[in-house]
Amino acid sequence: MSVLYVAFKGNGNSANKIVRNLSGDKVFLTNSYSGLKKDIDNINGTYDFVYMFGLDKSLKGNVRIDCLAQRGDVCLDSDMDYNSIAMKLNKNGIIVNIGNTPTQSLCNEAYWYMLRKFNYHVIFFHVPSIKYITENFIEKVRTVL
């Protein structure tokens, strides 16, 4: 099973910190709309699963799994079993909410392009700011994924 982990660039970014600490193939996206599309277009390889991580400063120690991404009038959704992943994270002590309202954000844009590129085998995790990302938190994510 081949897996790709994706986050945005930036060492102070909590999503970046999580991905840097996971084992496997990784891609760090540029923090701009045109840059991230170019980064995604340049990803080579075939992956069974793509796990994306993005920062949401409104989260306070919990995680949100986003199911949908929207660009213009086109809405795409993941075909991965995000409910099962949410249950596993919850059992490991990470509170997970499921989000199904796409926002007009850099994360949504990246998710939309990745869903298209990897035939919907993508899941997007929004994580809290870096002050909530402990080594224990990262270990729990690593255990589930």
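FYI, side chains are in, hydrogens and waters are out, and symmetry mates aren't considered; it's all heavy atoms of this structure.
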So do the side chains of Met1 and Val3 get within less than 4.5 Å of each other, counting heavy atoms only? yes
What heavy-atom pair brings Ile98 and Cys67 nearest, and what distance separates the two atoms? CG2-SG, 3.2 Å
Any side-chain heavy-atom pair of Val6 and Val19 under 4.5 Å: no
Is there a donor in the side chain of Thr143 and an acceptor in the side chain of Asn92, or the other way round, less than 3.5 Å apart? no
Begin from the C-alpha positions of Leu59 and Val127 and carry the test side-chain contact (heavy atoms from CB on, under 4.5 Å) through to its verdict. CA-CA 7 Å; Leu59 297 173; Val127 296; 5.6 Å; no
So Leu29 and Ile40, do their side chains get closer than 4.5 Å, heavy atoms only? yes
To the nearest 0.5 Å, what is the distance between CE (Met52) and OG (Ser78)? 11.0 Å
I need the minimum non-hydrogen distance between Pro128 and Ser14, along with the two atoms involved. O-OG, 2.5 Å
Please report the closest heavy-atom contact between Gly54 and Cys107, naming both atoms and the distance. CA-SG, 4.1 Å
Quick check on Ile95: does its CD1 atom have over 12 non-hydrogen neighbours (other residues, nucleotides or ligands) under 6.0 Å away? no
Any heavy-atom pair between the side chains of Arg20 and Phe28 that's under 4.5 Å? yes
Could you go step by step and tell me if Ile43 and Phe118 meet the side-chain contact (heavy atoms from CB on, under 4.5 Å) rule? CA-CA 10 Å; Ile43 296 171; Phe118 291 101; 3.8 Å; yes
Please tell me if the side chains of Leu55 and Ser129 come closer than 4.5 Å, counting only heavy atoms from C-beta onward. yes
Measure up the Phe124 and His126 rings against each other and bin them: parallel (under 30°), tilted (30 to 60°), perpendicular (over 60°). tilted
Looking only at heavy atoms, the pair that brings Ile130 and Gly12 closest together is CD1-O, 3.7 Å
Any chance you could measure Ile133, atom CD1, to Asn16, atom CG, to the nearest 0.5 Å? 11.5 Å
Can you tell me if Trp112 uses its side chain to pair, donor with acceptor, with the backbone of Cys75 under 3.5 Å? no
Between Leu76 and Tyr82, is there a shared hydrophobic cluster once you connect ILVMFWY residues whose side-chain heavy atoms come closer than 4.5 Å? no
When you measure from the side chain of Gln70 to the backbone N and O of Gly72, does any donor-acceptor pair fall under 3.5 Å? yes
Identify whether Tyr51 and Val96 are in the same connected component of the hydrophobic contact network (ILVMFWY, side-chain heavy atoms under 4.5 Å). yes
Please determine, by modelled atom types, if Asp48 and His121 share a side-chain donor-acceptor pair under 3.5 angstrom. no
Regarding Tyr47 and Asp25, is there a side-chain donor-to-acceptor distance under 3.5 Å anywhere? yes
Between Asn62 (side chain) and Lys60 (backbone), is there a donor-acceptor pair under 3.5 Å? yes
Using the six-membered ring wherever Trp is involved, compare the ring planes of Phe53 and Phe125 and label them parallel, tilted or perpendicular (cut-offs 30° and 60°). parallel
Give a yes or no on whether Lys88 atom NZ has more than 12 heavy-atom contacts from other residues, nucleotides or ligands under 6.0 Å away. no
Mind checking whether Thr30 and Lys38 have side chains closer than 4.5 Å, heavy atoms only? no
Report yes if some heavy atom in the side chain of Phe49 is under 4.5 Å from a heavy atom in the side chain of Leu4; otherwise report no. no
ILVMFWY cluster, Ile65 and Tyr111 together (side-chain gap under 4.5 Å): no
Establish whether Ile94 and Leu145 are linked, either directly or via other cluster members, by ILVMFWY side-chain heavy-atom contacts under 4.5 Å. yes
For Leu68 and Asn100, work out which heavy atoms get closest and say how close. CD1-O, 3.2 Å
Keeping the roles fixed (side chain from Asn21, backbone from Lys17), state whether a donor-acceptor pair exists under 3.5 Å. yes
Report yes if the side chains of Ile123 and Val50 come closer than 4.5 Å at any heavy-atom pair, otherwise no. no
CA sep, side-chain torsions, deciding dist, call: Leu36, Tyr113, side-chain contact (heavy atoms from CB on, under 4.5 Å): CA-CA 9 Å; Leu36 72 83; Tyr113 282 115; 4.1 Å; yes
Not counting sequence neighbours, list each pair that qualifies as a salt bridge (charged side-chain N to carboxylate O under 4.0 Å, His left out) and has a residue in residues 63-78. Asp56-Arg64, Arg64-Asp66, Arg71-Glu109
Contact summary for Tyr33 and Leu106, nearest pair of heavy atoms: OH-N, 3.4 Å
